[in-house]
Structures are given as structure tokens and as C-alpha cells.
Amino acid sequence: PPPKLPEIVVFLDCADLERCGFPPELFEKSKIINIDHHVSNNRFGELNWVDTAAAATGEMVYALIHELGTEIDSEIATYLYTAIVTDTGLFQYSNTTPMTHRIAADLMERGIDILTLHHYLFNQKPLAQVQLLKHALQSLELHYEGLVAVITLTRKDFQQCRALDSHSDGLINHARTIEGVEGAVLLREIEPEGIRVALRSNLWLDVNQIAAKFGGGGHQRAAGC
């Protein structure tokens, strides 16, 4: 962390202060502005703007920029579009709304290089991530007559693949897309006796309620603990 924090600190897309990775006491002398769209947000800021109807926090920042009267150039548009397209899973997730598409269209008209952006966001995978996927699929288990798919990654898996924790991002979707599966679970060992759980669902399972039972949270279709 920096030696001295500014008077005002803005958190984006962060449902819980502890998720930032720094001790909460670090921010005791700073005013916190909390901008988020997670239903599990615990309103930890002095000023909280939590809009659970927004598909992405990027949509909220887009609205804020317009409220401030600031011009959205191609660079800002690229960042906002990236926030929206990743948080909606390429506009596939249930949080996507007509407004999401309208905002995306407006951002595209401001000079975004869509082809290059999508290439680096979705078409380029580190070799370590592909090798980690192999380990994940080998661990695949189906439960409750095929309604729930579970994949598991140990620290040994990460070491063998020379993979970072971030390389597990998105792997859970390979379990979620299996025909007949409603809920998908990724169990990731982050330390001895420490397991990070990612939860995804397709149509009706509220995984936020499940995550909340273990001190986590997120959205109805995507959560963690």
C-alpha cells in the first residue's frame, strides 16, 4: 500500500472492504466512496452508491461521467466497455439489459478498436491457463443427478502448471456449460486449509444465498466465498 492515502478513496466493484487486499485500518483516516452493483455489498463507505440493477459498475461510472459533464474519449470508452463486456460475460449473463446494449453502442461509436480489444480479452490465453484447465477438467464431478458440477484445483495443480491464481478465472464456465447443469462450483486451494469457492448458476439457483452462508456473496448467478 502507499505510505499515505489521499483524503478520499473510491472503491469500484468491491462488495466488501476486506476484498481490496489491504487491512481495513489502513483507511481509517480516509473518506471512502463505495460504488458497486453487487447485491451483497455491505455499504462500508461514508458515501455508498449501490445499484443492484446495473449490469456492471462500469455502467454506473458511465452515468457518473455524464453527470459530471466530462467528455468520454476513446481511451475512457475502451475502459468502460471492457468493464461492461467482462462483467456481463460478452452480454450473455442475466444481468444484461437493453440499457447495457445502448451504453455499449454509444461507447463503440467513440472510437473503440473492438477487434483488438476482444482479441486480447477473450482470444488470448496464457499456456499456463490452458494447462490448468486440463487439471480442472480431470477433477470434474457431477452431483445431484447432474444438476451440479464441481471442479477442484489444488496448490499442486498451480505449481505443476506454473500458473497464477488469476489463471483460474473463467474456468468455472466450462463446468457451467455442461448440458443439464444448473450450478457450477470451483474449489480452489489458496493455502493449507484455505479454500476459495466460486459459484455460478444458469437459470434459477440463487448462488448468492449459498455464498452468504459461508461469509461470501455476489450476485444471484455469480458469487463466491
Side-chain angles (χ1 to χ4, degrees), residues 11-21 33-45 47-64 80-104 107 121-122 136 140-153 165-166 168-188 190 195-225:
F11 283 84
L12 299 173
D13 207 45
C14 184
D16 189 317
L17 185 58
E18 294 183 357
R19 287 184 61 84
C20 73
I33 298 177
N34 169 27
I35 303 175
D36 188 29
H37 70 131
H38 290 91
V39 67
S40 61
N41 189 286
N42 62 10
R43 274 71 172 177
F44 58 86
L47 178 62
N48 299 286
W49 180 23
V50 180
D51 182 1
T52 59
T57 302
E59 285 188 2
M60 301 169 66
V61 175
Y62 171 88
L64 180 60
L80 291 176
Y81 182 87
T82 299
I84 292 170
V85 76
T86 53
D87 224 3
T88 59
L90 274 171
F91 309 107
Q92 297 179 76
Y93 299 159
S94 60
N95 58 352
T96 305
T97 66
M99 180 57 70
T100 305
H101 287 288
R102 293 189 187 101
I103 293 173
L107 295 174
L121 284 177
F122 303 109
L140 177 69
E141 296 179 357
L142 293 178
H143 299 274
Y144 298 101
E145 299 181 342
L147 280 174
V148 176
V150 180
I151 53 180
T152 305
L153 290 172
D165 283 344
S166 61
S168 64
D169 292 348
L171 297 187
I172 191 173
N173 290 321
H174 291 276
R176 186 178 62 84
T177 56
I178 297 171
E179 184 177 4
V181 166
E182 170 58 25
V185 183
L186 168 60
L187 303 173
R188 189 171 92 244
I190 57 174
I195 305 296
R196 185 160 292 164
V197 184
L199 301 162
R200 299 290 184 273
S201 64
N202 285 317
L203 298 175
W204 53 264
L205 181 62
D206 188 344
V207 293
N208 178 64
Q209 290 189 15
I210 298 173
K213 293 181 181 295
F214 298 93
H219 303 287
Q220 287 186 335
R221 300 289 172 261
C225 56

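In this chain, numbering begins with 1 at the start of the sequence shown. These numbers were taken from a predicted model, which means no experiment stands behind them.
Looking at Ile172, Ile195, Ile151 one by one, the single match for side chain to side chain contact (heavy atoms under 4.5 Å, CB included) with Leu187 turns out to be Ile195. Here the rule is side chain to side chain contact (heavy atoms under 4.5 Å, CB included) with Glu182, and of Val148, Leu205, Val207 only Leu205 fits it.
For the pair Met60/Trp49, a side-chain contact is recorded, criterion being any heavy-atom separation below 4.5 Å from C-beta on. A 4.5 Å side-chain heavy-atom check between Val197 and Ile210 finds every atom pair outside the cut-off.
Interatomic distance, CG of Asp87 versus NE2 of His219, reported as 5.5 Å (0.5 Å rounding). The CG atom of Asp36 sits 9.5 Å away from atom CG of Asn48, with the distance rounded to the nearest 0.5 Å. Within the model, atoms CG of Leu199 and CG of Asp206 stand 10.5 Å from one another, a figure rounded to the nearest 0.5 Å. In this structure, Thr96 OG1 and Glu59 CD are separated by 8.5 Å, a value rounded to the nearest 0.5 Å. Going from atom CG of Leu203 over to atom CZ of Arg221 covers 7.0 Å, rounded to the nearest 0.5 Å. Distance check, rounded to the nearest 0.5 Å: CG of Asn42 to CD of Glu18 gives 8.5 Å.
Heavy-atom minimum distance, Leu142 versus Ala149: CD2-CB, 3.6 Å. Across all their heavy atoms, Ala136 and Leu171 have their closest contact at CB-CD1, 4.4 Å. Between Asn208 and Ser40 the shortest heavy-atom distance is OD1-CB, 3.7 Å. Smallest separation of non-hydrogen atoms from Ile84 and Ala56: CA-CB, 3.9 Å. For Thr88 against Ala55, the heavy-atom pair with the smallest separation is CG2-CB, 3.8 Å. In terms of heavy atoms, Cys14 sits closest to Cys20 at SG-N, 4.3 Å.
Using modelled atom types, one side-chain atom of Gln92 and one backbone atom of Gly89 make a donor-acceptor pair closer than 3.5 Å.
A donor atom on one side chain and an acceptor atom on the other are not found under 3.5 Å apart for Gln220 and Ser201. Side-chain contact, Asn41 with Asn34: a donor N or O sits under 3.5 Å from an acceptor N or O. Side chains of His37 and Asn95: no donor on one and acceptor on the other come within 3.5 Å.
With sequence neighbours excluded, the residues satisfying ring pair (Phe, Tyr, Trp, His ring centres under 6.0 Å) with Phe11 are Phe27, Phe44.
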